[in-house]
Amino acid sequence: MPSSLIPTLARQRGGALGDLLADADRSADLAAVFDALSDPRRVRGRRYSLGALLVLCTAAVLAGATTVAAIARFAAGLDPALRARAGLIRGIPRACTLRRLLARLDGDALDTAVGTWLQHQAADPLTATTTCPGPVKRRAVAVDGKTLRGSRTRDRRAVHLLAAALHGTRTVIAQRQVDSKSNEITAFQPLLNPLDLTDTVVTFDAMLTQHDHARFLVEDKHAHYIALVKANHPTLHDQLRRLPWREVPLMDKTRTTAHGRDEIRRIKVATVPDLPFPHADQVLQIVRRRRVLATGRLSLERVYALTDLTMHQTTPAHLAQHVREHWGVEAVHHLRDVTLHEDASKIRTGHAPRTMASLRNTALGLADLAGWRNLAAATDHYRSHPGHALDLIKPGT
């Protein structure tokens, strides 16, 4: 996968933000990216720069703030030197000021800028520009949706977001708002279209397993896919289920014990010609055996998937790891709900629910880049050391 999405996005955005994103050295400062965003406020009456307010909001969310009032309290609790460092040189913004900004901010622009910056920071410059002709583990992106349940009102359904996250990280590199969960299908291509996905594996769940998506990834984006197949494709699912799996040898087995469960995963992979799905070359059967440690209760699940990757391009172990890492995006959603209290959030005005979700993604990505594996511990640390949060956003100031 290329080291950055920046060249592609810079061509599309243009202007100051496009120039900034195209410059890898300057884009090392997230605060500069915030400053280059288009400000939705009227020029007259502005007391604080857009970049300073977004730096404040991001640092506050890193420190565990879950409401606009909590962000305002975080600002009030900063000592004058830290407020000046954040760019708040004209006093302390009130909650109503922050609330109006978050409600008006362009969520797509914020997600594009922050996602690009985070992806660039997470890229490995030593391997990112090379393609992988042989059987190696490629970079991968997981696509999945999430509903902001607390954003539902009497007159408006809950905000639903479709996101793309890098495997093995907590980095969301793209996000779009869709009308409902069923609209994820139509949002799939617009979400991924700006990204350079050359030789990248894209994983997605059964609802997004569509013929057009497979063609788009392989033919237009020069990417690969692993697509789960379930009952929403009954004929295809039945065909995969009826393959002679007993004759296929076991190719990989892993066992993990976590979250009160002992889980064994087995994978079989078979090359099947003339599959009725675009560019599909191999079929995966994944068997998951789970045992709840507290009760001893057992469950068995068989999952089928298709991939365009051939046996010469990947190994069963790599395929199994891609499927397992796909659910890392669910871990991101879980952290947003449990630690950052997203589902309990009552922020509902304008674009504010989407904007806050973007700030939570930013906080998760920054904590991941800083090496934190326990987000609760990270928020506790940055609550006590707000200067360290600013170090991640405005280094060297």
Side-chain angles (χ1 to χ4, degrees), residues 5 106-112 114-115 119 140-153 156-167 169-195 197 200-221 223-234 236-237 277-280 303-308 322-337 342-343 345 351 353-358 360-361 364:
L5 313 178
D106 184 340
D108 284 338
L110 178 62
D111 276 324
T112 297
V114 173
Q119 193 275 341
V141 171
V143 179
D144 194 37
K146 184 183 188 301
T147 299
L148 310 183
R149 303 186 190 283
S151 64
R152 183 182 292 107
T153 68
R156 187 180 68 180
R157 67 180 65 186
V159 172
H160 191 82
L161 302 172
L162 184 66
L166 294 176
H167 279 209
T169 73
R170 296 169 180 171
T171 303
V172 174
I173 60 173
Q175 185 170 258
R176 289 180 70 92
Q177 183 172 336
V178 298
D179 290 336
S180 64
K181 185 175 179 63
S182 60
N183 293 104
E184 289 184 14
I185 295 174
T186 56
F188 181 86
Q189 293 187 28
L191 174 77
L192 298 179
N193 196 50
L195 309 184
L197 297 173
T200 301
V201 180
V202 180
T203 61
F204 41 90
D205 62 18
M207 187 177 71
L208 295 173
T209 298
Q210 306 291 328
H211 290 228
D212 289 344
H213 295 171
R215 295 190 188 96
F216 164 75
L217 289 172
V218 176
E219 298 171 13
D220 297 345
K221 305 302 294 181
H224 306 284
Y225 66 82
I226 299 176
L228 296 183
V229 180
K230 293 185 178 179
N232 59 325
H233 291 280
L236 178 59
H237 182 265
F277 196 80
H279 304 287
V303 178
Y304 299 94
L306 295 170
T307 181
D308 70 300
H322 283 316
V323 173
R324 188 164 63 253
E325 287 183 349
H326 169 77
W327 301 112
V329 69
E330 293 287 350
V332 171
H333 296 165
H334 179 77
L335 288 170
R336 279 165 50 182
D337 283 339
E342 183 166 82
D343 271 356
S345 174
H351 300 159
R354 160 76 182 279
T355 307
M356 283 298 295
S358 301
R360 294 182 190 105
N361 283 339
L364 278 166

Participant: Step by step, would you call Thr307 with His322 a side-chain contact (heavy atoms from CB on, under 4.5 Å)?
Facilitator: CA-CA 11 Å; Thr307 181; His322 283 316; over 6 Å; no
Participant: Could you tell me whether the side chain of Asn183 reaches within less than 4.5 Å of the side chain of Arg176, counting heavy atoms only?
Facilitator: no
Participant: Taking atom CZ of Arg157 and atom CG of Asp179, what is their separation to the nearest 0.5 Å?
Facilitator: 6.5 Å
Participant: Looking only at non-hydrogen atoms, find the nearest pair between Gly145 and His333 and report the distance.
Facilitator: O-CE1, 3.5 Å
Participant: For the atom pair NZ (Lys221) and CD (Gln189), what is the distance rounded to the nearest 0.5 Å?
Facilitator: 10.0 Å
Participant: What's the separation between atom OG1 in Thr355 and atom CG in Leu110, rounded to the nearest 0.5 Å?
Facilitator: 6.5 Å
Participant: Leu335 versus Arg170: any side-chain heavy-atom pair under 4.5 Å?
Facilitator: yes
Participant: Roughly how far, to the nearest 0.5 Å, is the NE2 atom of His160 from the CZ atom of Arg152?
Facilitator: 12.0 Å
Participant: Working note: Arg360 + Ser345, criterion side-chain contact (heavy atoms from CB on, under 4.5 Å); need CA distance, chi angles, decisive distance, verdict.
Facilitator: CA-CA 12 Å; Arg360 294 182 190 105; Ser345 174; 3.7 Å; yes
Participant: Does any non-hydrogen side-chain atom of Leu195 lie less than 4.5 Å from one of Gln119?
Facilitator: no
Participant: Does the Tyr225 side chain pair with the main chain of Ala280, one donor and one acceptor, at a distance under 3.5 Å?
Facilitator: yes
Participant: With the side chain counted from C-beta on, respond yes when Asn232 and His237 share a heavy-atom pair under 4.5 Å apart, and no when they do not.
Facilitator: no
Participant: I want to check something: taking the side chain as every heavy atom from C-beta on, are Phe204 and Leu217 in contact at a cut-off of under 4.5 Å?
Facilitator: yes
Participant: If I compare all heavy atoms of Pro353 with all of Leu148, which pair ends up nearest, and what's the gap?
Facilitator: O-CD1, 3.5 Å
Participant: Do the side chains of Lys146 and Asp343 get nearer than 4.5 Å, heavy atoms only?
Facilitator: yes
Participant: I'd like to know whether NE2 of His351 has more than 12 heavy-atom contacts from other residues, nucleotides or ligands below 6.0 angstrom.
Facilitator: no
Participant: Test your reading of the model: is there a side-chain donor-acceptor pair from His279 to the backbone of Ala214, 3.5 Å cut-off?
Facilitator: no
Participant: I'd like to know if Asp108 pairs up with Arg354 as an ion pair, taking the criterion as any Lys NZ or Arg NE/NH1/NH2 lying under 4.0 Å from an Asp or Glu carboxylate oxygen.
Facilitator: yes
Participant: Roughly how far, to the nearest 0.5 Å, is OG1 of Thr203 from CZ of Arg324?
Facilitator: 12.5 Å
Participant: For residues Leu162 and Val143, determine if any side-chain heavy atom of one lies less than 4.5 Å from a side-chain heavy atom of the other.
Facilitator: yes
Participant: Tell me, with the steps shown, if His326 and Ile226 meet side-chain contact (heavy atoms from CB on, under 4.5 Å).
Facilitator: CA-CA 10 Å; His326 169 77; Ile226 299 176; over 6 Å; no
Participant: Kindly determine whether Val229 and Leu306 satisfy side-chain contact (heavy atoms from CB on, under 4.5 Å), including the steps that lead there.
Facilitator: CA-CA 7 Å; Val229 180; Leu306 295 170; 4.0 Å; yes
Participant: Can you tell if the side chain of Asp111 reaches within under 4.5 Å of the side chain of Leu161, non-hydrogen atoms only?
Facilitator: no
Participant: Just say parallel, tilted or perpendicular for the rings of His211 and Phe277, cut-offs at 30° and 60°.
Facilitator: perpendicular
Participant: Under a 3.5 Å distance rule, please check whether His213 uses its side chain to pair with a backbone N or O of Phe188 as donor and acceptor.
Facilitator: no
Participant: Look up atom CG in Leu208 and atom CG in Asp144, then write down how far apart they are to the nearest 0.5 Å.
Facilitator: 8.0 Å
